[in-house]
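These numbers were taken from a predicted model, which means no experiment stands behind them. So you know, we letter chains A, B, ... as the sequences are listed, proteins then strands, and number each from 1.
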Protein chains: 2
Amino acid sequence: MRRNKKERQALLVATIKETPFITDEDLAEKFSVSVQTIRLDRLELSIPELRERIKNVAEKTFDDEVKSLPLDEVIGEIIDMELDHSAISIFEVKEEHAFKRNGIARGHYLFAQANSLAVALINDDFALTAKANIHFTRSVKLGERIIAKAKVVNINTETGRTFVEVKSFVNAELVFVGEFEMYRAKK
Amino acid sequence: MRRNKKERQALLVATIKETPFITDEDLAEKFSVSVQTIRLDRLELSIPELRERIKNVAEKTFDDEVKSLPLDEVIGEIIDMELDHSAISIFEVKEEHAFKRNGIARGHYLFAQANSLAVALINDDFALTAKANIHFTRSVKLGERIIAKAKVVNINTETGRTFVEVKSFVNAELVFVGEFEMYRAKK
DNA sequence: ACTACTATTAGTACCTAGTCTTAATATCAC
DNA sequence: GTGATATTAAGACTAGGTACTAATAGTAGT
């Protein structure tokens, strides 16, 4: 029941990692020691108090949630464009596009860049994505610059349905491939 | 500078929504009223105290993060199986599979169900997914029962590569389609 | 057994960001 | 001015701590 210091501290770290919303009092009971001992342990192990732990978790989410929202605009800077034929855009992965935890770009930004480009490529008033086949071939990290190249593969002369292929690269490495079937409104 | 009650309370709601980690003291300063007034406002508007607000945000994340982890097992209950031919599984979307915020099932569970089924279908020691083309045709809500039907489309007699098509339904409605290219180890 | 040292426990004062309650003013409508 | 509503203040209490001091327990070395 009662372990030595080292053992207890190791378990303490594990316990707090697993259930971070636990008070010192509950921890003291769990390890059959006094609250003061738990506090000394936390001090030694540099584990912040409950409220700080809760706050840390909350801040992580809040930042991620808030910053990832504005996805309504065009993602990426279009640097070359030949309507109904091909286009190129550049998108740099900044803090607000990546997960704080590991710096890996959120997939929907890669998708958004490709999709924006496919939409922009359509020489009509409205363009909507009907279907998409996407493939993430490599994860993209914070600070990397993604170059998306879109190419019209086929236009159905009757329906106007346009098939666009987008390939995204970081340096020369393929990170994303998507095939988009676009619906266009001629009016 | 100093607004009337209604105006102030409307702004209060907006302010807290925007920056939930703000103390009553800061709010009092912002609206040039006393701390007590802010507390009366929160009472009337049923806005919990700062610590509770922080905790709510943290709990939301934590639950979502923790509960979505165990994805290593087979997802869904296999109710029919003919090796190398076809299979059916049922999966019910429970709380831990859906986003708390809106009750919509996380996509990876639909993928996992389909993928599990495709793997199980292979009549060999090992089966791995080489490629997948997936399509989410409708969002699935908490409490719904997903029926996935897998069918072997083609087996390459030389390489053993197996193509499996999985279609998932809620009632009679198609919610997911996936084509899986499976790699198999004969050993 | 005595000393030295670490580990544990206890107790006090203080802090933040509140709650809950009572009471005194301020402001406004009529 | 009289009420009603709004605002401010003051006091007691709470959780979950920090920071500090001090006492006690247990263990190892000599």
Nearest heavy atom decides the nucleotide; on that basis, is B:E44 or B:K55 closer to the 5' end of DNA chain D?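 The residue whose closest nucleotide sits nearer the 5' end is B:E44.
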Which residue, A:R51 or A:L43, contacts DNA chain D at a nucleotide closer to its 5' end, judged by nearest heavy atom?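 Of the two residues, A:R51 wins.
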Is the shortest heavy-atom distance from the side chain of A:V152 to the side chain of A:H85 under 4.5 Å?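 No, side chains not in contact.
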Is any side-chain heavy atom of A:D41 less than 4.5 Å from a side-chain heavy atom of A:L27?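 Answer no - side chains too far apart.
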Provide, to the nearest angstrom, the distance between the [atom1] atom belonging to [X] and the [atom2] atom belonging to [N].
X	N	atom1	atom2	answer
B:E25	D:dT8	CD	C1'	15 Å
B:I38	C:dA17	CD1	P	15 Å
B:L40	C:dA26	CG	P	18 Å
A:E49	D:dA19	CD	P	9 Å
B:R42	D:dT7	CZ	P	16 Å
A:Q9	C:dT8	CD	C1'	12 Å
A:N4	C:dT8	CG	P	8 Å
B:Q36	C:dA17	CD	P	15 Å

Base, sugar-phosphate alone, or nothing: which one does A:R53 contact when heavy atoms must sit under 4.0 Å apart?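 Contact class for A:R53: none.
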Among C:dA7, C:dA17, D:dA6, find the nucleotide with the atom closest to the side chain of A:K5.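 The answer is C:dA7.
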For the side chain of B:D24, starting at C-beta, report the closest nucleotide among D:dT18, C:dA7, C:dT19.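 Of the options given, the side chain of B:D24 lies nearest C:dT19.
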Under 4.0 Å: is that the gap between some side-chain N or O of [X] and OP1 or OP2 of [N]?
X	N	answer
B:T37	D:dT7	no
A:R8	C:dT8	yes
A:R39	D:dG16	no

Search all heavy atoms of A:V57 against all heavy atoms of A:F21 and return the closest pair with its distance. CG2-CE2, 4.2 Å
How long is the span from the CD1 atom in A:I38 to the CZ atom in A:R8, to the nearest 0.5 Å? 6.5 Å
Hydrophobic cluster of B:L40, others only, ordered by chain and residue number, side-chain cut-off 4.5 Å: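 Same cluster as B:L40: nobody, lone residue.
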